[in-house]
There are 2 protein chains.
Amino acid sequence: MTFDAIDKKLISFLQEDSKQTNKELSNKLNLSVTAVYERIKKLEKENVINKYVALVNKEKVDKAFVAFCHVKLTRHSQDYVVKFEKEVANINEVLECYHLSGDYDYLLKVLVKDMVAFREFMVKKLTNIDHIGSTHSMFVINEVKHSTVINV
Amino acid sequence: MTFDAIDKKLISFLQEDSKQTNKELSNKLNLSVTAVYERIKKLEKENVINKYVALVNKEKVDKAFVAFCHVKLTRHSQDYVVKFEKEVANINEVLECYHLSGDYDYLLKVLVKDMVAFREFMVKKLTNIDHIGSTHSMFVINEVKHSTVINV
DNA sequence: ACTGAAATGTCAAGGCC
DNA sequence: GGCCTTGACATTTCAGT
């Protein structure tokens, strides 16, 4: 799929605020409401837009403690890798998990209440998974930027 | 602010899909449409829900190459730190930036088209910022999990 | 891509536990 | 304080052009 200048603007606008009405968007884009509607439907159908979500303030729901954990596996046969990835995806404290190049195998982003909860998470959930070799945790002192907007 | 069981479910539902109508939510929660509406307004007013956004498929907009960069500053006086944070926040390839505990000062999540674009980013944008000491880049081989849903 | 109209949704008012 | 029902108004959605 290829995007013209209007599509690109539309994608940007919707990434910033998906609750805008098509009428508001039509004004910003100098288009009719229906034209906006059809462009959006197309973006959804082509899966350019995956989903619409509400973003929650982590402080307000008492999950202000953020950590990144590097995890190394002891063995790398496919069985272990698949099992680790499946189990880690089911831990709700883990919002993100990436298989990475470099010294460590995985990078996890973890959200919990505080350091006590983080210890609980490490002891009871993460290191309960088989074949975890070493872990290395880094704690977020300050979130400088956190955006979901991809530049198109 | 304190949440009852219905609030928690509502927050979860909206984090999964913010385009559900109040009617659909009222069915799931066994509530009237207005009750749902008022609870949502309250969550928005209290800033529990920050914003509503469309999430875009990075492959479809040609930003499938993801890297994490650790960055260390040479000096840590307030001026340099503030300046670095401000400049890095303005780079659109950098979606996230965290000030971290540990060996490196910052962790950046970077989205670009490919390795060529990543090199461009490093040479022309990141290392153009003053007082960057060392950087260490890790590339995402596979995105195992990427969720915006905080468990409440 | 636009106009126009039906279907559907949002949101305010008033009343009831 | 939080819930419900009702009704006005706005928005979405779709046909016809």
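All values below come from the heavy atoms of this structure, side chains included, with hydrogens, waters and symmetry mates left out. Below, read A as the first sequence line, B as the second, and so on, with proteins coming before strands; counting in each chain starts at 1.
Checked against Ile132(B) for a side chain to side chain contact (heavy atoms under 4.5 Å, CB included), the options Thr74(B), Asp105(B), Leu126(B) give a single hit: Leu126(B).
Residues Arg39(A) and Asp7(A) are paired through a salt bridge, judged by an N-O separation under 4.0 Å between the basic side chain and the carboxylate. Under 4.0 Å is where a charged nitrogen must lie from a carboxylate oxygen, and between Lys60(A) and Glu46(B) no such pair does. Residues Glu38(A) and Lys41(A) are not paired through a salt bridge, judged by the lack of any N-O separation under 4.0 Å between the basic side chain and the carboxylate.
Taking atom CZ of residue Arg39(B) and atom C1' of nucleotide dG2(D), one finds them 8 Å apart after rounding to whole Å. When the C1' atom of dT12(D) is taken as reference, atom OH of Tyr52(A) falls 13 Å away, rounded to whole Å. As a whole-Å value, the separation of Ile40(B) CD1 from dA12(C) C1' is 16 Å. Atom NZ in Lys45(B) sits about 12 Å away from atom P in dG1(D), given to the nearest Å.
Residue Tyr37(B) places at least one side-chain N or O closer than 4.0 Å to OP1 or OP2 of dA12(C). Residue Lys42(B) has a polar side-chain atom (N or O) positioned under 4.0 Å from OP1 or OP2 of dG2(D).
Put simply, the side chain of Thr21(B) and the base of dT10(C) share no donor and acceptor less than 3.5 Å apart. Below the 3.5 angstrom threshold, one finds no donor paired with an acceptor across the side chain of Thr34(B) and the base of dC11(C).
Closest approach to the Asn22(A) side chain among dT3(C), dC11(C), dT12(D) is made by dT12(D) (side chain taken as heavy atoms from C-beta onward). Taking the side chain of Lys23(A) as heavy atoms from C-beta on, and the options dT11(D), dA1(C), dC4(D), the nearest nucleotide is dT11(D).
Projected onto DNA chain D by closest heavy-atom contact, Glu38(B) and Glu38(A) fall at different nucleotides, the more 5' of which corresponds to Glu38(B).
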